[in-house]
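Since the structure comes first, as structure tokens, the remarks are kept for the end.
For the numbers below, each heavy atom of this structure counts, side chains included, while hydrogens, waters and symmetry mates do not. Keep in mind it's a predicted model, so treat the numbers as computed, not measured.
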Amino acid sequence: MAGLIVLVTGVTRVIGSCLAGRLAEHPAVDRVIGVDAALPEPAARARMGAADFARVDIRNPLVARVIEAAGVNTVVHASASSTPASSAARTMAKEMNVLGTMQLLAACQRSESVRNLIVRSTGAVYGASSRDPAIFTEEMSARSVPSGPGRDAIDIEAYVRGFGRRRPDVRIAVPRFAEIVGPTVVTPLTRYFGLAPAVPMVLGRDARLQFVHEQDAIGLLEHLALGDFAGTVNAAGDGTMTLAQAIHRAGRIPLPVPSFGLDPLSRVMRTVRLGGFSPNQVKVLSAGRVMDTTRLRERAHYTPRFTTIEAFDDFAAHLRPVVTPQVVRGVEVRVAGTLGVQPLPDIRALGPGEPAGSVVDESPADRGTEEAADGGRPRLVGIDGHAAGAPRRRRIR
């Protein structure tokens, strides 16, 4: 497909700005226009690369003029169903999600040039209930109507289906993403796992979860914009993990709390400035949700690079550790002093080209002296420098 002119919404965020930059570099794309209600920060503008930017609120009919003036034929609504990073932004996010999508669809319906529409959605449309099936397919719906972003996504998908009936000539793709994680995205979920040292979870519940890496989310949106797939598709990394496993892999301690105690605990944590969490979100996580991704691989022909565990581990690797290496080293030194032995040498920074984990002995002269003194047997050196019966000291690189 050649000569694509793409409009991407939500370019002040990581997903939208990275997507705009990648599309702008693709040889099949002539032009990319990123739109948002606010000006992108320098980091977001750098991620956009060669893409153009237009400051347009999609709730304003002005977006229709942008589409017409540029002759846009592909629209990627990357900001739809995005989760606000704070509860204070919830009202604005709902208005942007629902009313903004309605205005954008109206603009696309009036445009004769639009031929492709990709609308980002979320697996939250399936809800979260203890009565849910083990795995959701694209044909299933929620047992009980969800609230928050899930409710918004249901409304958005209904508007998109209505648009499809009025414009059957437009190819429509709707990816339903699992929880998106990565080193740069900031959502209530990433803030939840960033709580320290303990992360609350509902007592007696340990549900299965799925995650999708931010780079796979960007890659799938790009794939759908450039490809020919039409329809709804679940998007998640292969495999699952439980909530307790995720908390442990984040380097935190699971804190089982009765369901009725989540609200008081949340208020206490906010009062003492230990961070906050949404009790409703914890309950949703405790119910769990697993989506079938067969259609993603077999019909959309996209395979995520990261599994669920790999995506979460990449996110967790960028969390601030609960116990710093300096604290661990201090404990080692104190314990060694109590035992009257010299602590193991601290791991120093590797030099250029030195392989991680390599071990280098002392100089041959030192080694020969030590071996001669002890008949070749390894020995310990106490803190006072006198010989003890421990292995020979080694420098670890």
Side-chain angles (χ1 to χ4, degrees), residues 81 83 121-154 176-182 185 187-213 216-217 234-263 265-266 269 275-294 296 304 306-316 319:
S81 299
T83 306
S121 189
T122 170
V125 298
Y126 298 119
S129 168
S130 58
R131 298 180 293 108
D132 286 342
I135 300 177
F136 281 101
T137 63
E138 287 83 356
E139 291 76 18
M140 295 180 178
S141 57
R143 296 288 181 91
S144 58
V145 179
S147 59
R151 174 73 256 185
D152 295 351
I154 290 177
R176 291 172 175 167
F177 288 104
E179 294 286 356
I180 300 176
V181 295
V185 294
T187 67
L189 180 84
T190 61
R191 293 179 183 273
Y192 166 74
F193 284 111
L195 295 173
V199 177
M201 58 183 294
V202 176
L203 180 66
R205 304 291 296 275
D206 190 16
R208 295 179 302 157
L209 304 175
Q210 280 178 315
F211 300 103
V212 59
H213 195 275
D216 284 325
N234 292 333
D238 291 340
T240 63
M241 63 192 309
T242 67
L243 179 58
Q245 288 174 335
I247 295 174
H248 281 300
R249 297 181 83 94
R252 269 60 179 167
I253 303 170
L255 177 63
V257 179
S259 180
F260 61 83
L262 290 174
D263 287 293
L265 177 62
S266 176
M269 292 182 67
F277 63 92
S278 167
N280 182 63
Q281 181 191 35
V282 177
K283 295 175 183 177
V284 169
L285 287 174
S286 299
R289 183 188 308 116
V290 178
M291 302 185 296
D292 177 41
T293 57
T294 302
L296 176 68
F306 293 81
T307 65
T308 285
I309 292 179
E310 289 171 346
F312 188 85
D313 284 349
D314 190 46
F315 152 71
L319 288 176

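Put simply, the side chain of Y192 gets close to the backbone of P200: a donor and an acceptor are under 3.5 Å apart. With T308 contributing its side chain and Q210 its backbone, the two residues share no donor-acceptor pair below 3.5 Å. For S286 (side chain) and V282 (main-chain N/O), a donor-acceptor pair under 3.5 Å exists by modelled atom type. In terms of modelled atom types and a separation under 3.5 Å, the side chain of D132 and the main chain of S129 share a donor-acceptor contact. A side-chain donor-acceptor contact under 3.5 Å links D206 to the backbone of L243. Using a distance-only test at 3.5 Å, with no hydrogens or angles considered, a donor-acceptor pair links the side chain of R143 to the main chain of R131. Using modelled atom types, one side-chain atom of R176 and one backbone atom of E138 make a donor-acceptor pair closer than 3.5 Å. Under a 3.5 Å cut-off, the side chain of S266 and the backbone N or O of D263 do not form any donor-acceptor pair. No donor-acceptor distance shorter than 3.5 angstrom exists from the side chain of R289 to the backbone of Y126, with no hydrogens or angles considered.
Minimum heavy-atom separation, I180 to A217: CD1-CB, 3.9 Å. The minimum heavy-atom distance linking L255 with A198 is given by the pair CB-CB, 4.0 Å. A178 and M291 get closest at one heavy-atom pair: N-CE, 3.6 Å. When all heavy atoms of A128 and V284 are compared, the closest pair comes out as CB-CG1, 3.7 Å. M241 and A246 get closest at one heavy-atom pair: CE-CA, 3.7 Å. Closest heavy-atom contact between I247 and P254: CG2-N, 3.6 Å.
Residue L209 forms a side-chain contact (heavy atoms from CB on, under 4.5 Å) with just one option from V290, L285, T242, L189, and that option is L285.
With rounding to the nearest 0.5 Å, the separation of OG1 in T137 from CG in N234 is 7.5 Å. The distance from the CG atom of L195 to the CD1 atom of I253 is 12.5 Å, given to the nearest 0.5 Å. Distance check: L203 CG to F260 CZ gives 9.0 Å after rounding to the nearest 0.5 Å.
Within the structure, side chain to side chain donor-acceptor pair (under 3.5 Å) contacts touching residues 249-260 (residues at least two apart or in different chains) are R249-D313.
Taking the six-membered ring for Trp and thresholds of 30 and 60 degrees, F211 and F312 have ring planes inclined between 30 and 60 degrees apart.
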